[in-house]
Amino acid sequence: MSEQSRFAGKTVLVTGGGSGIGRAIALRFAQEGADLAIHDLNPEGAQETARQVLELGRRAETYKVDVARPDEVRAAVAATMADFGRLSVLVNDAGINIVKRPFDYTDEDWESVIGVNLTGTWNYCRYAGPHIASGGGGSIVNIASVAATIASYYRVPYMASKGAVGMLTKALAMDLAEMKVRVNAVCPSAVGTPMIKPGVKRFGAMTREMASALTPMRRFAEASEVADAVLFLASDEASFVTGHLLLVDGGFSAGSQIGASWQPASEEGEPAGWLT
Amino acid sequence: MRLKDHVAIVTGSGSGMGEAVARLFAEEGANVLVADLNASAAQSVATHIGKRARAVEVDITQEPQVVDMVKRAVEAFGRVDILVNCAGMADFRKTEDTSLELWRKVLDVNLTGTFLCCREAGRRMIEGGGGAIVNIASTSGISGTPYMAAYSAAKHGVVGLTRELATEWGKHHIRVNCICPGATETSMLLGTTTETYRAERRRRVPLGKLGQPSEQAQAALFLASQESSYVNGAVLCVDGGVFAMSPATSEAALAGE
């Protein structure tokens with residue numbers, strides 16, 4: 001149990017709250033005193049998260065939603081407002097990925113990835129945002145990705161959607177500032193969650209070991225570490241932070257690890273060379 | 001308490017953001033070495049904090065003094081877990097009027113001084129098994145600010161140093177991040193700008209205000225604490241949304257379009 005309670009008495013809506021990072025986010029908010037509206041396509045996952053929130057002594061309600069559908073989002077947000085009466089924080093975590101070679105994508109693939117990751121995020125900003133503003137202000141945190149800033153292989157729709165979520169975040173931050181709603185995004189690298197699968201790579205499958213070797217901190221993130229960053233951005237501690245994309249990537253995108261096996265020249269005069 | 005019994009060195013903590021960081025970290029349970037060029041300012045902050053703090057006078061551009069500063073922290077508190085590099089200087093001047101001497105001084109304080117502090121504290125952190133470094137860069141370190149050639153160049157350097165150290169020291173469990181504050185109401189800002197300038201700046205911030213030192217300190221606390229345990233090499237803008245915004249958009253918004 002956290003000793004802090006930065007969200008006591010506040011209502012927080014988390015999309016994709018039925019698994020992975022979304023569940024970790026919901027539980028961290030509950031630990032700090034928030035009540036949770038769990039929105040997810042998968043009712044069983046959402047109910048399991050709600051059960052864990054209740055165990056922490058907070059209230060939780062679940063809503064089955066396809067975030068890509070504006071009518072469903074509008075209805076689910078209305079139901080949430082009927083249940084809780086107010087909303088302080090929105091976290092857009094729902095996301096999907098389809099890994100393929102670029103010309104193998106079908107029109108349906110493109111529409112489903114853009115629909116969930118980008119249009120879904122917009123739908124919630126559009127329909128939940130006004131309730132945050134009319135309640136005196138609050139915070140929106142989008143789960144983007146390092147894919148909002150750097151590219152990798154065989155995930156064109158995902159990267160395009162996350163890049164767009166990054167700019168959606170900045171643009172909305174401009175417009176909502178006067179309503180006292182801050183809008184920020186967290187950009188995680190690979191996190192050990194159900195969404196992560198070994199992708200088809202040009203040089204064979206990317207293993208967990210290879211991926212973590214390319215990260216300066218030499219490991220993947222825990223979902224709770226992404227959640228901690230979300231709570232910072234959502235809290236009053238970040239009261240002067242808006243329109244920001246916060247990397248939570250262990251240094252992955254700070255620079256190349258191409259030279260990570262390079263042994264620099266030593267003070268004793270040993271020359272530089274490759275580690276074997 | 002989020003930094004219970006951690007040992008933090010905070011440079012430039014005799015005033016402004018550094019002072020806010022030192023006070024907040026002490027409230028969160030840290031032992032703090034209050035380091036500043038101005039010995040009496042450092043002493044006064046340390047006295048106010050009480051037994052968790054020690055004051056040290058340091059010119060961060062002088063290598064032996066930086067070595068000494070880190071030694072003092074180890075002598076007083078046994079180790080170094082956190083370094084926050086707040087010491088810095090700003091100067092508004094046309095580039096065509098900037099002397100080589102001034103250029104060198106601004107680079108020396110803001111960039112070389114930060115490097116020396118990182119190197120010395122980093123050595124202790126590597127021995128000690130890890131740590132966290134927070135550099136106070138600036139939005140001038142990720143975009144151009146007119147009449148601040150040396151400052152912008154130095155702060156771009158601080159951002160680069162931050163990213164480089166993040167990639168080099170991650171394996172030693174040292175996280176290195178930086179904050180890019182927008183205009184913040186510190187003694188440095190008040191001393192180098194007019195009220196007219198500050199009013200104009202305020203009008204251009206999406207959140208409609210200048211930053212407070214306490215808001216920068218909260219960001220530093222996040223980056224120094226375990227709550228940011230996977231955040232490394234990040235450049236955190238605490239600027240009210242200015243960096244996200246197109247300069248042209250702000251003019252249009254100001255014109256009421």
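Predicted, not measured: the structure shown is a model, and the values here were computed from it. To find a chain, count down the sequence lines: A is the first, B the second, and so on, and within it residues start at 1. Basis for what follows: all heavy atoms, side chains included, without hydrogens, waters or symmetry-related copies.
Looking at L210(B), the atoms closer than 4.5 Å to chain A (heavy atoms on both sides) all sit in the backbone: N, CA, C or O. If you measure heavy-atom distances from A229(A) to chain B, the contacts under 4.5 Å come from both the backbone and the side chain. Contacts between S228(B) and chain A at a heavy-atom distance below 4.5 Å are absent for every atom of the residue. Within the 4.5 angstrom heavy-atom criterion, only backbone atoms of V235(B) (N, CA, C, O) approach chain A. At a 4.5 Å heavy-atom cutoff, E164(B) makes no contact with chain A through either its backbone or its side chain.
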Next item on the list: Could you check D236(A) against R6(A) for side-chain contact (heavy atoms from CB on, under 4.5 Å), going step by step and ending with a plain yes or no?
Entry: CA-CA 8 Å; D236(A) 288 343; R6(A) 290 175 288 182; over 6 Å; no
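With chain B as the partner, the residue from S253(A), G243(A), G250(A), A238(A) showing the most heavy-atom pairs under 4.5 Å is G250(A). Between chain A and the options F222(B), Y230(B), W169(B), heavy-atom pairs under 4.5 Å are most frequent for Y230(B). Comparing S229(B), P181(B), A234(B) by how many heavy-atom pairs each has under 4.5 Å with chain A, the most go to S229(B). Ranking K170(A), M167(A), R219(A) against chain B, the residue ahead of the rest is R219(A), based on heavy-atom pairs under 4.5 Å. Top candidate by heavy-atom pairs under 4.5 Å with chain A, chosen from K209(B), R175(B), H173(B), is K209(B).
For the atom pair CG of L223(B) and SG of C178(B), the computed distance is 8.5 Å after rounding to the nearest 0.5 Å.
Remark: the backbone N or O of V231(B) is paired with a side-chain donor or acceptor of N177(B) at under 3.5 angstrom.
In this structure, F29(A) and F7(A) have perpendicular ring planes: the angle between them is above 60°, well past the 30° mark.
In summary, the side chains of Q216(B) and T184(B) do present a donor paired with an acceptor at a separation below 3.5 Å, with no hydrogens or angles considered.
The shortest distance between side-chain heavy atoms of C118(B) and L165(B) falls below 4.5 Å.
For the pair S187(B) and S15(B), the tightest heavy-atom approach, listed with the atom from each and the gap, is OG-OG, 3.5 Å.
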